[in-house]
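A, B, ... follow the sequence lines: proteins, then strands. Residue 1 opens every chain. Only heavy atoms go into these numbers, but all of them, side chains included; no hydrogens, no water, no symmetry mates.
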Amino acid sequence: MSGFGRLVRAEWTKFRTVRGWVLGLVAAAALTAGLGLQTAAGSHSSCGAGTVEVACPSAPVGPGGEAVTDAFSFVHQRLDGDGAITARVASVTGRIRKPDVRPGVTNLVSGVVPWAKAGVMVKDGTKEGAAYAAVMVTGAHGVRMQHNFTGDTGGTTASAPAWLRLVRSGDKLIGYESADGRTWAEVGTATLAGLPDSVRIGLFVASPGDLTFSQDALGGVVSAQRFTEATAVFEEISVLGAAAGDAWRYDDIGVTMGPDGKPHHPGGHVRRGDTFTVTGVGDIAPVGDEGGMRIEQTLTGLFTALIVVVVVAVMFITAEYRRGLIRTTLTASPRRGRVLAAKAVVAGAVTFVTGLVAAGITVPLGRRILEANGNRVLPVSTLTEMRVVAGSAALLALTAVLALALGALLRRGVVAVTVAVAVTVLPYFLATVSVLPLEPARWLLRLTPSAGFAIQQTLVEYPQVAAHYTPVLGYYPLPPWGGLAVSAAYAALALGLAVVKLRGRDA
Amino acid sequence: MEATIEVAGLRKRFGGVLALDGMSFTVTPGRVTGFVGPNGAGKSTTMRVVLGLDAADEGTALVGGRPYRSLRTPLAHVGALLDAAALQPSRTARNHLLWLAHSQGLPGRRVDEVLELAGLASVARRRAGGFSLGMRQRLGIAAALLGDPPVLMLDEPFNGLDPEGIVWIRGFLRSLAEEGRAVLVSSHLMSELEDTAGHLVVVGRGRVVADTSVADLIAAASGGLVTLRTRARSEAMETLARAGATVSATGRDTLTVGGLAAERVVELLGRDGVPFAEVGAHRATLEEAYMDLTRDAVEFRGVAR
């Protein structure tokens with residue numbers, strides 16, 4: 001065995017022969033699983049249908065597997081094979097509900113929200129979540145081509161009036177825009193894999209809720225989303241290749257049903273000659289938090305494991321200073337940097353395994369319990385779920401290495417534990433419990449070792465979806481691996497400083 | 001490798017205190033070398049420098065001709081006991097030795113062997129935190145023997161031991177030296193090393209004041225003195241003092257005479273008709289010799305109680 005391998009084995013023997021440390025890690029895993037599963041078991045959801053409680057319908061899922069909202073007004077007809085639709089969006093107007101000025105009196109004002117959408121669409125049927133591609137005019141983001149909920153390309157026209165055209169060729173769709181209906185420019189193309197021969201083609205309008213933020217008394221941010229609707233006037237409509245003799249149909253796709261069984265905030269359409277006036281409510285977009293629970297919410301107990309791991313990792317080194325055992329260790333291995341490196345390998349490995357077991361049980365089991373209790377859980381790919389589990393374990397391991405290094409630098413157990421918790425767990429807390437304004441909260445999650453919590457994020461931020469992208473709701477300012485890299489950099493830096501200090505001093 | 005410890009010209013300052021001031025000596029195999037001096041003389045610091053734990057400001061310390069920090073499996077070269085209390089209390093005796101063994105690539109079998117050697121086999125699976133100081137010293141010695149090293153270095157191994165334990169360690173150290181090992185044992189009490197050490201390195205104030213065999217040291221300390229037993233103490237003192245001798249009363253009827261040979265003492269006493277029972281050459285005890293040597297080196301001398 002190499003010299004370093006012997007050291008790692010010696011440090012592993014040291015670790016496993018102190019019962020308190022081993023029990024500490026078992027407790028860390030048990031706390032994570034226990035808190036996660038208990039919270040899952042205590043969460044129940046059900047929906048009302050009239051006076052009866054029923055299981056909630058599952059959230060629609062887009063072709064990419066993500067949870068989506070798919071609610072809009074759709075005036076459409078059948079298209080078999082290749083074809084195209086052209087229309088002029090003459091105007092887009094709308095209404096936005098603002099906070100009530102006088103209690104009980106609905107405060108509706110005129111206006112169009114930035115991501116209100118009006119345009120032409122090809123969709124694989126009228127089922128929520130079905131594949132689609134569309135060219136549209138938006139409230140404030142100009143003409144865009146979007147497809148399958150996540151795809152988005154910007155055009156050049158700023159606002160209505162605008163000419164739009166969508167051409168279907170097999171499973172390929174090409175969007176065009178024009179200011180005058182004569183010269184056309186391509187906005188974008190989309191390939192809808194597996195698009196059947198027969199699809200629906202037509203006009204659509206959607207208007208997502210109005211998102212507002214306000215400061216709460218504690219310093220956090222409160223977001224509110226209120227009802228809006230948009231109304232668009234379509235002219236000069238022509239459809240090429242539509243099934244002969246097929247009439248226009250109207251569907252209020254994804255409309256919410258009220259307790260009385262009637263649509264709540266219905267859309268609508270009016271036809272006057274060749275002009276259609278369509279009113280829509282809702283959005284065609286991926287959903288975050290409001291679509292269901294996130295799998296990483298089963299890991300809220302991880303912070304307790306982090307605290308336990310910090311204590312164990314600090315003691316792994318400070319106990320040696322306290323007893324003078326460090327001299328025995330350095331006598332057995334005069335190469336001091338290697339001693340700390342071996343300790344870091346052992347502390348990192350045992351906590352990684354602990355985290356892997358804890359998260360590996362908690363996440364899949366917690367999700368099943370949540371679903372069994374009628375809760376919506378946002379769907380994620382297996383790869384993402386594995387990233388959350390392994391990433392949480394890695395975060396635990398990096399925290400252990402950082403705590404070990406702080407223990408070596410500070411040499412006093414209580415001081416090192418305090419500092420380690422203050423830099424690893426505390427910023428995460430401050431940033432995610434809504435006591436800080438948004439920007440300071442984000443900076444904490446960029447600059448402190450808590451940045452690594454980003455590895456748990458399963459939600460995706462979309463520039464074309466207005467949402468409250470805050471740490472409180474599970475959106476971190478750094479990408480998952482980027483956040484973990486920040487935590488890793490802190491651990492490496494602290495370990496490096498500890499090695500320098502250990503080398504330069506009498507033991 | 002050679003079984004030696006070579007220390008040359010070590011100097012080390014802790015803040016304003018000069019802990020080592022040119023410490024130089026060599027420990028050779030086959031005998032127990034006592035490393036004695038008052039508290040604060042620099043014994044422990046020297047040992048820490050030899051083990052690479054402390055860095056000296058000047059000078060070199062070699063084990064078997066090599067600096068300690070260059071050794072890859074150091075416990076196979078030097079076995080050291082610095083502080084018997086340096087243990088994780090919740091770890092068992094066997095597990096304490098086991099991690100040390102693993103750090104040197106030694107098998108668990110070797111751990112059981114040294115536990116047996118140190119007489120700890122029956123308590124091997126007990127937590128070290130519950131050990132008496134004597135058991136901890138034995139565990140420390142077991143750890144020192146783990147790599148079967150040719151050089152052993154023990155700092156105050158007699159501290160806190162009961163008489164039985166002291167006898168055990170003395171015999172054990174002698175047998176280790178007889179196997180051809182170099183054994184360096186520090187103590188601040190010369191009496192602990194009597195009958196154990198064949199050679200002595202006496203230190204005070206960070207430097208060596210004597211590096212000698214035990215026999216030579218006692219002879220030197222006894223040098224030229226005559227012991228006289230007589231009932232007529234005052235007459236004898238008067239006679240001998242008149243002849244230029246330094247005389248001191250060391251017992252009720254005993255005088256120690258310096259500056260005169262034994263034959264001359266007999267002649268003088270006979271001439272003046274002073275009765276005496278016995279005249280002989282004086283033999284100092286090791287303790288006396290040590291006190292002589294370190295009188296100037298004791299930094300914190302006790303004031304008469």
Side-chain angles (χ1 to χ4, degrees), chain A residues 1-24 311-312 314-343 345-347 350 407 413 500-507, chain B residues 12 14 19 44-45 47-56 63 67-106 108 111 125 127-129 139-140 143-144 146-147 153 155:
Chain A
M1 201 184 289
S2 73
F4 189 65
R6 289 199 303 262
L7 279 187
V8 170
R9 185 165 180 221
E11 291 300 332
W12 161 239
T13 306
K14 267 187 202 172
F15 187 88
R16 69 174 170 82
T17 54
V18 174
R19 192 182 298 167
W21 299 345
V22 176
L23 289 180
V311 172
V312 170
V314 163
M315 284 177 70
F316 192 33
I317 180 85
T318 57
E320 294 207 14
Y321 280 108
R322 190 165 158 219
R323 314 278 175 196
L325 197 57
I326 189 74
R327 292 205 192 93
T328 312
T329 299
L330 296 180
T331 306
S333 166
R335 293 201 276 182
R336 299 182 176 189
R338 289 170 161 244
V339 170
L340 265 190
K343 267 195 188 300
V345 165
V346 170
V350 296
V500 169
K501 185 174 175 189
L502 186 63
R503 277 199 185 135
R505 268 189 154 207
D506 288 344
Chain B
K12 183 159 182 72
F14 289 113
S44 296
T45 305
M47 288 187 164
R48 285 205 302 272
V49 169
V50 170
L51 294 173
L53 293 171
D54 287 8
V63 178
Y68 191 87
R69 286 196 188 201
S70 74
L71 303 174
R72 287 296 164 257
T73 51
L75 300 196
H77 299 264
V78 192
L81 167 62
L82 287 190
D83 176 10
L87 293 165
Q88 173 75 28
S90 53
R91 208 174 269 137
T92 65
R94 187 175 189 280
N95 283 333
H96 174 70
L97 296 175
L98 192 61
W99 76 255
L100 271 173
H102 286 163
S103 75
Q104 309 295 304
L106 296 166
V111 169
R125 284 169 204 280
R127 290 171 176 224
L139 183 54
L146 206 51
M153 201 161 69
D155 195 11

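Ranked by heavy-atom pairs shorter than 4.5 Å toward chain A, the options B:Ala101, B:Pro89, B:Ala85 are led by B:Pro89. Between chain B and the residues A:Arg327, A:Glu320, A:Arg323, A:Arg505, the largest count of heavy-atom pairs under 4.5 Å involves A:Arg323. Among the candidates B:Gln104, B:Arg91, B:Arg69, the residue making the largest number of heavy-atom pairs closer than 4.5 Å to chain A is B:Arg91.
Of the two parts of A:Arg322, neither the backbone nor the side chain holds a non-hydrogen atom closer than 4.5 Å to a non-hydrogen atom of chain B. Contacts of B:Leu87 with chain A are made by backbone atoms alone, with heavy-atom separations under 4.5 Å and no side-chain atom involved. If you measure heavy-atom distances from B:Ala55 to chain A, the contacts under 4.5 Å come from both the backbone and the side chain. For a residue to count as touching a neighbouring chain, one of its non-hydrogen atoms must lie under 4.5 Å from one of that chain's; by this rule B:Leu98 touches chain A with backbone and side chain alike. Looking at A:Arg335, the atoms closer than 4.5 Å to chain B (heavy atoms on both sides) all sit in the side chain, from C-beta outward.
The shortest distance between side-chain heavy atoms of A:Thr331 and A:Thr328 does not fall below 4.5 Å. Considering only heavy atoms from C-beta on, B:Leu81 stays 4.5 Å or farther from B:Met153 through its side chain.
Both tests do not hold together for A:Lys14 against A:Phe316: distance to the six-membered ring centre under 6.0 Å, angle to the ring axis within 45°.
Of the possible donor and acceptor atoms, one in the side chain of A:Thr329 sits under 3.5 Å from a partner among the backbone N and O of A:Leu325. Put simply, the side chain of B:Ser70 gets close to the backbone of B:Pro67: a donor and an acceptor are under 3.5 Å apart.
Inspection of non-hydrogen atoms places A:Arg16, A:Thr17, A:Val18, A:Arg19, A:Trp21 of residues 16-23 of chain A under 4.5 Å from chain B.
Sparse packing is recorded around CZ of A:Arg503, with 12 or fewer heavy atoms of other residues, nucleotides or ligands lying under 6.0 Å away.
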Next item on the list: Carefully, step by step, assess A:Arg6 and A:Glu11 under the rule salt bridge (Lys or Arg N to Asp or Glu O under 4.0 Å).
Entry: CA-CA 9 Å; A:Arg6 289 199 303 262; A:Glu11 291 300 332; over 6 Å; no

Inset, instruction - For side-chain contact (heavy atoms from CB on, under 4.5 Å), just list the numbers for B:Val78 and B:Tyr68, CA-CA rounded to whole Å, side-chain angles, deciding distance to a tenth of an Å, and then say yes or no. - result: CA-CA 9 Å; B:Val78 192; B:Tyr68 191 87; 4.0 Å; yes

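Using a 30° and 60° split on the angle between ring planes, A:Trp12 and A:Phe15 fall in the parallel class, below 30°.
Contacts of B:Lys12 classified as salt bridge (charged side-chain N to carboxylate O under 4.0 Å, His left out), with partners at least two apart in sequence or in another chain: A:Asp506.
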